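Report on the following structure.
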Amino acid sequence: MDATAKPSERFDAEIERYLDDHWDQIIDDLRTLVRIESVDESSSACEGAPYGPGPRKALDAILRIADRMGFATHDLDGYIAYADWPGETETQLGIICHVDVVPAGPGWTFTPFELTEHEGYLVGRGVSDDKGPLVICLHALKFWKEKGVSFPYSIRFIFGADEEVGMHDVAYYRAQHPDPAFLFTPDAEFPVCYGEKGIYQATVKSKPICVRAIESIEGGMTVNAVPGEAHATLIDALRSDIVAKGRTAHASTPDLGVNAIGLLANALLGENLASEEERVFLEFVKRLCESTDGSAFNIACADEDFGALTICGGMIRYADGIFTQTIDIRYPTAISSQAITDALTSALSPLDVELTVDNVKEPFLIDSDSPSVQALTEAYEQITGCEAKPFTMGGGTYAREFTHAASFGMETTGVKRPEWVGGMHGPDEAISIAEYKDAFKIYAFAIAKLMESDITA
């Protein structure tokens with residue numbers, strides 16, 4: 001090895017050797033995490049486990065893995081944890097992934113909390129969001145550590161436990177520690193995302209329904225996903241159940257899914273299976289799910305960086321005569337969160353319902369020409385041989401919670417996959433082994449490129 005060469009110029013053969021030598025360990029580490037049902041259980045919170053036993057168990061598991069690798073680990077009361085590798089200076093490069101996952105939900109062919117290899121893919125909840133990226137990126141860091149390389153910047157790998165619900169873990173971290181000079185999160189798509197739409201989440205709740213034809217309705221597992229299944233139980237025993245099956249998708253790309261709640265509302269309305277009082281709320285649900293651009297509520301808009309606003313109805317419940325329906329909106333800079341609230345309030349006022357705004361995160365942007373973004377872009381280009389351009393998205397990641405950050409892989413835009421392969425938040429979530437190995441090379445190379453860049457700029 002040429003001692004005068006830059007790290008980013010001298011590792012191709014060695015990284016292949018690392019993958020060959022450590023592949024079984026990489027898979028074992030991923031299997032360990034996938035087996036943990038680390039879904040938010042804040043209702044069962046206790047000291048040291050603020051998000052419940054699942055996320056706590058997953059944090060413990062990744063800390064054991066990082067300890068085994070020789071990193072200095074720290075647990076911040078179960079809210080979040082991190083592993084450090086000191087560099088020549090205290091200037092810090094941050095990497096952050098999360099160990100919590102969304103619920104499995106219906107529609108799985110494979111066991112969701114077990115890692116399965118099938119037709120060249122790794123299948124299981126979290127393999128792409130975000131346990132798979134965590135394991136492969138941590139091993140990319142270990143590759144450099146094993147080489148004995150001395151980097152100019154210190155590296156802190158942060159392990160979150162509340163990304164899917166509220167990112168309160170990052171607020172807890174930032175209250176105690178300064179932001180890294182630059183941070184990336186492997187929790188989106190390649191090449192590099194330099195901006196994220198605003199996120200607006202709300203719940204609409206009806207007054208008690210007096211005259212009922214429907215016993216109950218349930219659809220969707222999480223606010224930030226297009227539901228793939230919804231069902232209603234009717235009071236009329238002659239036709240007790242109605243089931244609607246759609247296609248899941250992330251709430252940031254609702255046009256890629258088919259909303260089962262909308263299908264169910266259409267069926268109940270079209271077949272006159274609801275009372276007049278129930279019809280009023282179901283008409284609103286139908287209106288919500290019929291279009292994904294916000295035009296039904298006069299909030300459709302777009303801007304140059306982010307494109308168009310999107311809207312998704314993620315969860316519906318009807319129990320004890322009360323409807324609740326969630327709304328997830330991803331919005332560009334062309335509209336404000338207050339303007340969205342005003343428009344929804346106006347549209348809903350004739351229905352005599354209650355609108356509660358649950359979560360608002362403003363749009364996030366950094367300079368796409370910054371040295372850090374360019375370093376990540378170049379790392380992707382040099383490994384894949386593909387020309388790349390930084391992009392923005394509607395998804396929300398940890399990047400938006402930090403001053404200078406970007407999301408970076410590990411899914412690849414435009415890759416054609418078999419029909420059975422599910423995406424983030426969907427059933428049969430899967431990532432190809434080839435993509436997984438390529439991601440390892442990209443992350444290892446990106447770490448080296450960032451070390452050669454001015455990440456403070």
Side-chain angles (χ1 to χ4, degrees), residues 102-109 201-251 253-297 310-329 344 347-348 350-355 419 422-423 425-428:
V102 298
W108 284 77
T109 305
Q201 294 172 331
T203 302
V204 179
K205 183 178 180 181
S206 75
K207 296 291 193 297
I209 304 296
C210 297
V211 179
R212 298 168 58 191
I214 303 169
E215 180 65 33
S216 65
I217 294 176
E218 185 169 349
M221 297 294 293
T222 182
V223 64
N224 61 347
V226 177
E229 187 171 311
H231 59 87
T233 301
L234 306 180
I235 293 174
D236 183 356
L238 295 178
R239 187 177 182 185
S240 59
D241 292 309
I242 303 290
V243 178
K245 292 187 180 294
R247 184 173 65 249
T248 61
H250 196 279
T253 53
D255 55 307
L256 300 182
V258 177
N259 197 312
I261 293 174
L263 298 178
L264 182 65
N266 279 333
L268 293 169
L269 291 167
E271 298 182 39
N272 293 316
L273 298 174
S275 72
E276 285 304 310
E277 287 182 86
E278 291 166 335
R279 287 185 67 89
V280 172
F281 197 90
L282 290 172
E283 290 285 0
F284 151 68
V285 171
K286 177 182 177 182
R287 184 178 172 192
L288 170 65
C289 298
E290 271 184 340
S291 64
T292 61
D293 65 355
S295 56
F297 302 101
T310 63
I311 187 169
C312 168
M315 291 191 297
I316 189 171
R317 299 291 185 268
Y318 181 44
D320 301 323
I322 295 176
F323 282 100
T324 57
Q325 171 67 56
T326 67
I327 300 174
D328 184 300
I329 296 170
L344 291 177
L348 294 171
L351 306 186
D352 192 24
V353 296
E354 176 187 351
L355 174 70
E419 288 188 5
H425 295 194
D428 294 338

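The structure displayed is predicted, hence computed values, not measured ones.
- Separating the CG atom in N266 from the CD1 atom in I261 is a distance of 12.0 Å, to the nearest 0.5 Å.
- Under the side-chain contact (heavy atoms from CB on, under 4.5 Å) rule, T233 has a single partner from I214, D241, I217, which is D241.
- Judged by distance alone, with hydrogens and angles left aside, the side-chain atoms of S206 form a donor-acceptor pair with the main-chain N or O of F323 at under 3.5 Å.
- Here the closest heavy-atom approach between residue A213 and residue S275 is recorded as CB-N, 3.8 Å.
- The CG atom of L256 lies 7.5 Å from the CZ atom of R247; values are rounded to the nearest 0.5 Å.
- Atom CG of D352 is separated from atom CZ of F281 by 11.5 Å, given to the nearest 0.5 angstrom.
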Can you list the steps and then say if N272 with R279 is a side-chain contact (heavy atoms from CB on, under 4.5 Å)? CA-CA 9 Å; N272 293 316; R279 287 185 67 89; 3.5 Å; yes
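- Shown here for V226 and P254, the closest heavy-atom pair between the two residues is CG2-CA, 3.7 Å.
- Nearest heavy atoms, S295 versus S291: OG-OG, 3.8 Å.
- When every heavy atom of P427 is checked against every heavy atom of T248, the shortest pair comes out as CD-OG1, 3.3 Å.
- Distance check: N259 CG to E290 CD gives 11.0 Å after rounding to the nearest 0.5 Å.
- Partner Q325 forms a side-chain contact (heavy atoms from CB on, under 4.5 Å) with one of L288, T203, V353 and no other, that one being L288.
- Using a 4.0 Å cut-off between charged nitrogen and carboxylate oxygen, R287 and E283 do not count as a salt-bridge pair.
- Remark: the backbone N or O of V211 is paired with a side-chain donor or acceptor of E277 at under 3.5 angstrom.
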Check the pair I327, I329 against side-chain contact (heavy atoms from CB on, under 4.5 Å), reporting the backbone distance first and the verdict last. CA-CA 7 Å; I327 300 174; I329 296 170; 3.8 Å; yes
Decide side-chain contact (heavy atoms from CB on, under 4.5 Å) for L234 and L268; before the verdict, give the C-alpha distance in whole Å, the side-chain angles of both, and the deciding distance to 0.1 Å. CA-CA 10 Å; L234 306 180; L268 293 169; 4.1 Å; yes
Apply side-chain contact (heavy atoms from CB on, under 4.5 Å) to the pair V280 and L351, showing each step before the final yes or no. CA-CA 7 Å; V280 172; L351 306 186; 3.7 Å; yes
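- Heavy-atom minimum distance, G220 versus P227: CA-CB, 3.5 Å.
- Counted within 6.0 Å of NZ on K205, heavy atoms from surrounding residues, nucleotides or ligands total 12 or fewer; the atom is thus considered open.
- Residue A260 comes nearest to G228 through the heavy atom pair CB-C, 3.6 Å, listed as atom of the first residue, atom of the second, then distance.
- At a threshold of 4.5 Å between non-hydrogen side-chain atoms, the residues T253 and T310 do not count as touching.
- Atoms CE and CG, on M315 and N224 in that order, are 9.0 Å from each other to the nearest 0.5 Å.
- When atom types are taken as modelled, the side chain of R212 and the backbone of E278 share no donor-acceptor pair closer than 3.5 angstrom.
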Can T109 and D428 be said to form a side-chain hydrogen bond (donor to acceptor under 3.5 Å, both in side chains), step by step? CA-CA 6 Å; T109 305; D428 294 338; 3.0 Å; yes
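- Rounding to the nearest 0.5 Å places CZ of R317 at 10.5 Å from OG of S216.
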